[in-house]
> 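One structure coming up, written as structure tokens, with questions to follow.
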Amino acid sequence: MFSCGLRGNPINACCPCRYFSSIGNSVSRWCSHGCEDDFPCFPGVLPVYAYLTQLDPFTIAAGEPIPFTGPALFADGVRFLNGVVTLPRAGVYRVESTLRISNVNTVDTDVFIEVAGVPIAGTLRHIVSPLLGGDTQTVHVSAIFEAGEGVSVALVSSNDLSLIPVVPGDPIATMNIVEIG
């Protein structure tokens with residue numbers, strides 16, 4: 001039997017065995033059984049992820065990111081400030097974002113995912129509201145991209161944008177970023 005620090009993840013000096021889990025930046029169970037042979041260690045480092053929500057009404061100017069001030073989960077090392085996520089290391093990432101826009105909002109803008117200050121091709125979505133018929137719109141934007149260490153990711157609006165939730169407490173916007181390679 002081996003204890004944490006004798007073998008395992010060199011970055012954390014502990015093995016993230018099968019009982020590892022985290023919420024936000026707090027670790028709920030870390031290497032609870034050491035690095036025994038029947039609890040094999042995973043090689044390398046833990047994946048990078050960020051999950052962001054926007055629940056409250058917001059207003060942003062043209063060119064600004066969605067603020068994402070609601071509940072969020074982050075992997076260690078991920079930085080977040082004013083709607084911009086900064087990734088801690090180089091890799092391949094998947095980003096998915098959703099906006100829910102009710103007809104009580106008057107909107108005419110483009111939204112897009114921006115990486116290192118540059119829009120990702122294919123992520124531009126034009127949004128106009130209100131729609132005829134009074135329906136709520138759900139706009140989904142996603143991409144896979146390669147990024148270097150310290151690269152920023154944001155969901156940006158090309159015009160001034162003010163949104164209120166469809167139902168109070170429901171997410172207006174979400175963004176999920178996951179390292180995939």
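For the numbers below, each heavy atom of this structure counts, side chains included, while hydrogens, waters and symmetry mates do not.
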> Please give me the minimum heavy-atom distance between Glu179 and Ala90, naming the atom from each residue.
OE2-O, 4.0 Å
> When rounded to the nearest 0.5 angstrom, what distance separates CG in Asn176 from OG in Ser97?
9.5 Å
> Do Ile101 and Leu163 come close enough that some side-chain heavy atom pair is under 4.5 Å?
yes
> Between Asp170 and Arg100, does the salt bridge (charged side-chain N to carboxylate O under 4.0 Å, His left out) criterion hold? Intermediate values first, please.
CA-CA 9 Å; Asp170 277 357; Arg100 292 190 64 216; 3.7 Å; yes
> Please check if Val141 and Val115 belong to a single hydrophobic cluster, counting links between Ile, Leu, Val, Met, Phe, Trp and Tyr side chain heavy atoms closer than 4.5 Å.
yes
> Using the ring centroid of each side chain, check whether Tyr49 and Phe74 are separated by less than 6.0 Å.
no
> Does any non-hydrogen side-chain atom of Pro88 lie less than 4.5 Å from one of Val78?
yes
> Atom CG in Leu161, atom CG in Asn105: separation rounded to 0.5 Å?
8.0 Å
> Quick check: closest heavy atoms across Gly83 and Pro65, and the distance to 0.1 Å?
O-CB, 3.8 Å
> Indicate the atoms forming the closest heavy-atom contact of Pro165 with Pro168, along with that distance.
CG-CA, 4.1 Å
> Report yes if the side chains of Val95 and Met175 come closer than 4.5 Å at any heavy-atom pair, otherwise no.
yes
> Among the clusters formed by ILVMFWY side chains lying less than 4.5 Å apart, do Val48 and Phe145 turn up in the same one?
yes
> Give a yes or no on whether the backbone of Thr86 and the side-chain of Ser152 come within a donor-acceptor separation of less than 3.5 Å.
no
> Keeping the roles fixed (side chain from Gln54, backbone from Thr69), state whether a donor-acceptor pair exists under 3.5 Å.
yes
> Could you pull out the closest heavy-atom pair between Ile66 and Ala173, with the gap in Å?
CG2-CB, 4.0 Å
> Would you compute the distance between atom OG1 of Thr59 and atom CG of Asp160 and round it to the nearest 0.5 angstrom?
9.0 Å
> Is there a donor-acceptor pair closer than 3.5 Å between any side-chain N or O of Glu149 and the backbone N or O of Arg89?
no
> For the residue pair Pro57 and Ser162, establish whether any side-chain heavy-atom pair is separated by less than 4.5 Å.
no
> Could you check whether any side-chain heavy atom of Val153 comes within less than 4.5 Å of a side-chain heavy atom of Leu87, counting everything from C-beta outward?
yes
> Distance alone, cut at 3.5 Å: any donor-acceptor contact between the side chains of Ser157 and Thr109?
yes
> Determine whether Phe68 and Val166 fall in the same hydrophobic cluster, where Ile, Leu, Val, Met, Phe, Trp and Tyr are linked whenever their side-chain heavy atoms lie under 4.5 Å apart.
no
> Which one of Thr138, Thr174, Leu155 satisfies the side chain to side chain contact (heavy atoms under 4.5 Å, CB included) criterion with Leu99?
Leu155
> Check the pair Asp108, His126 against side-chain contact (heavy atoms from CB on, under 4.5 Å), reporting the backbone distance first and the verdict last.
CA-CA 7 Å; Asp108 188 0; His126 186 70; 3.0 Å; yes
> Under a 4.5 Å cut-off applied to non-hydrogen side-chain atoms, are Val111 and Ile127 in contact?
yes
> Between Ala50 and Val85, what is the shortest heavy-atom contact and its length?
CB-CG1, 4.3 Å
> Considering non-hydrogen atoms only, spot the tightest contact between Arg125 and His140 and give its length.
NE-O, 3.4 Å
> State, yes or no, whether a side-chain contact exists between Phe80 and Leu52 at a heavy-atom distance under 4.5 Å.
yes
> Can you check whether Val128 reaches Val107 side chain to side chain, under 4.5 Å on heavy atoms?
no
> Give a yes or no on whether the backbone of Ala62 and the side-chain of Asn159 come within a donor-acceptor separation of less than 3.5 Å.
no
> Where the side chain of Thr123 meets the backbone of Ile113, is there a donor-acceptor pair that is under 3.5 Å apart?
yes
> Working to the nearest 0.5 Å, report the span between OH of Tyr93 and CD1 of Ile177.
9.0 Å
